[in-house]
Amino acid sequence: MNADTKITIRAEDLDYNIDYNDSYSDNYNESCCGGPGCDQESSMHFDSIFIPVLYSVALVVGLLGNGLVLVVLWKKRLSMNASDIFFLHLSLADILLLLTLPFWAVEAANEWIFGTVLCKLTGALFKINFYCGIFMLSCISLDRYLSIVHAVQMYSRKKPVVTHCCCLMVWLFCLLFSIPDWIFLKDSKDSRRQDRIECVQVYSSYSWHLATRLLYHMLGFVLPALIMLFCYSCILLRLRRGSQHKHKKRAIRVIVALVVAFFIHWTPYNITLIIDTIQTNVTNNTSNQTPCESTTALDVAITATSTLAYLHCCVHPVIYVGLVSRKSFLWSESVDTSHTSAF
């Protein structure tokens, strides 16, 4: 389990009065975490088997796939368009994210043995490339939307440095989003999980927990989803107005594949996190105790859906190489005989 899927809030880290500490600690640890008798042994067993196996598969498949994309792009490096450059940075982000998976696999199988410094570094690197991958998909969507629907080229092929500078801004933007991880990530013992040391976010208050969750939901899923839905809906409408030749059909398949892949991988995880956020908020503001079975089931659900979400970085190469690389890249093929270009 990685740093995004587990939250620890310790009462001793709170800088408030004693009355607030007592009520907050009791409410969070007993209500949210299933009470003192809920040790999460079954979810730990699930994690120790499920995560190492799936992350190992994702690492091998993802590195091979994204490596193939880099090889293909290198061969056409002198004729890359803006979308190719965005996919180049997307593949780099996917590779860097995949390289963090062995650390989380070791933690799931045993415990975190790498210390706080590497915990912060690995967690922040994971978060940077996680956001970068999603934002690069949004940039690709906007670029294709402007090119196909409005016949506007955001970036000149003759000046690829402009596109690379835009990608650099995205990387810096994602670096800002990793600041909470640099601050709150640390190796800490979890009393619910047999005092295992884990790399988790230890917040000073529930407000920070809620704020980072809302930031993730809005910028990590809702905003990119709205951008992709709007852009690709407009593109599909634009494509359907012309003649149905084979290039257009291929472009539509790529568009549908990108959108479907995004929502299949990320929707379950976000729904599960929303449920976890709501449950934590309810139990934090009431005296109701969440049953241990419900807490365990939610932990297992977060593990399963987060793993499915992270496997998304293995799908990008399949879409790009398997569907786009046919004789020539659909990124630069004409939709019609006019000035527009499609996937």
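Along the sequence shown, residues are numbered consecutively beginning with 1.
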Stepwise side chain to side chain contact (heavy atoms under 4.5 Å, CB included) test for Thr163 and Met80: CA-CA 11 Å; Thr163 310; Met80 286 198 303; over 6 Å; no

Interatomic spacing from [atom1] in [X] to [atom2] in [Y] - rounded to 0.5 Å:
{"X": "Glu198", "Y": "Asn110", "atom1": "CD", "atom2": "CG", "result": "10.5 Å"}
{"X": "Thr303", "Y": "Leu298", "atom1": "OG1", "atom2": "CG", "result": "9.5 Å"}
{"X": "Thr307", "Y": "Phe50", "atom1": "OG1", "atom2": "CZ", "result": "4.5 Å"}
{"X": "Leu54", "Y": "Ile51", "atom1": "CG", "atom2": "CD1", "result": "9.0 Å"}
{"X": "Asn129", "Y": "Cys174", "atom1": "CG", "atom2": "SG", "result": "8.0 Å"}
{"X": "Lys127", "Y": "Cys132", "atom1": "NZ", "atom2": "SG", "result": "14.0 Å"}

Would you say [X] and [Y] make side-chain contact, with heavy atoms under 4.5 Å?
{"X": "Gln201", "Y": "Asp181", "answer": "yes"}
{"X": "Tyr269", "Y": "Phe221", "answer": "no"}
{"X": "Tyr145", "Y": "Phe230", "answer": "yes"}
{"X": "Tyr131", "Y": "Ser178", "answer": "no"}
{"X": "Phe130", "Y": "Ile134", "answer": "yes"}
{"X": "Tyr232", "Y": "Phe262", "answer": "no"}

Using side chain to side chain contact (heavy atoms under 4.5 Å, CB included), reason through Thr272 and Asp276 one step at a time and then give a plain yes or no. CA-CA 6 Å; Thr272 306; Asp276 178 66; 5.7 Å; no

What is the minimum heavy-atom distance between [X] and [Y], and which atoms define it?
{"X": "Ala108", "Y": "Arg196", "result": "O-NH1, 3.6 Å"}
{"X": "Leu311", "Y": "Ala58", "result": "CD2-CB, 3.2 Å"}
{"X": "His217", "Y": "Thr277", "result": "NE2-OG1, 4.0 Å"}

Are [X] and [Y] connected, step by step, through hydrophobic side chains (Ile, Leu, Val, Met, Phe, Trp, Tyr) whose heavy atoms are closer than 4.5 Å?
{"X": "Leu308", "Y": "Val300", "result": "no"}
{"X": "Leu63", "Y": "Leu73", "result": "yes"}
{"X": "Val53", "Y": "Val60", "result": "no"}
{"X": "Met169", "Y": "Ile85", "result": "no"}
{"X": "Tyr310", "Y": "Leu64", "result": "no"}

Using side chain to side chain contact (heavy atoms under 4.5 Å, CB included), reason through Phe86 and Leu142 one step at a time and then give a plain yes or no. CA-CA 11 Å; Phe86 282 128; Leu142 289 171; over 6 Å; no

In terms of ring plane angle, is the pair Trp266 and His312 parallel, tilted or perpendicular, where the classes change at 30° and 60°?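 Aromatic pair Trp266/His312 classed perpendicular.
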
Under 3.5 Å, sequence neighbours excluded: what are the donor-acceptor pairs made by side chains of residues 87-103?
| residue | atom | partner | partner atom | Å |
| --- | --- | --- | --- | --- |
| His89 | ND1 | Trp171 | NE1 | 3.2 |
| His89 | NE2 | His164 | ND1 | 3.1 |
| Ser91 | OG | Phe87 | O | 3.1 |
| Asp94 | OD2 | His316 | ND1 | 2.7 |
| Thr100 | OG1 | Leu97 | O | 2.6 |

Under 3.5 Å, is there a donor-acceptor pair between the side chain of Arg238 and the main chain of Ile235?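 Judged by distance alone, no pair lies under 3.5 Å.
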
Judged by atom type as modelled, is there a donor-acceptor pair below 3.5 Å linking the side chain of Asp47 to the main-chain atoms of Asp299?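 Checking the backbone N and O of Asp299 against the side chain of Asp47, no donor-acceptor pair under 3.5 Å is found.
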
Hydrophobic clusters join Ile, Leu, Val, Met, Phe, Trp and Tyr when side-chain heavy atoms are under 4.5 Å apart, directly or via other members; which others share one with Val61?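 Cluster partners of Val61: Val57.
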
Pair Phe184 + Trp208: ring centers closer than 6.0 Å: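 Distance test on ring centres: under 6.0 Å, yes.
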
Compile the donor-acceptor pairs under 3.5 Å between side chains in residues 111-120 and protein atoms, sequence neighbours left out, one pair per line.
| residue | atom | partner | partner atom | Å |
| --- | --- | --- | --- | --- |
| Glu111 | OE1 | Ile197 | N | 3.0 |
| Trp112 | NE1 | Gly115 | O | 2.9 |
| Thr116 | OG1 | Asp187 | OD1 | 2.2 |
| Lys120 | NZ | Trp182 | O | 2.8 |
| Lys120 | NZ | Ile183 | O | 3.3 |
| Lys120 | NZ | Leu185 | O | 2.8 |

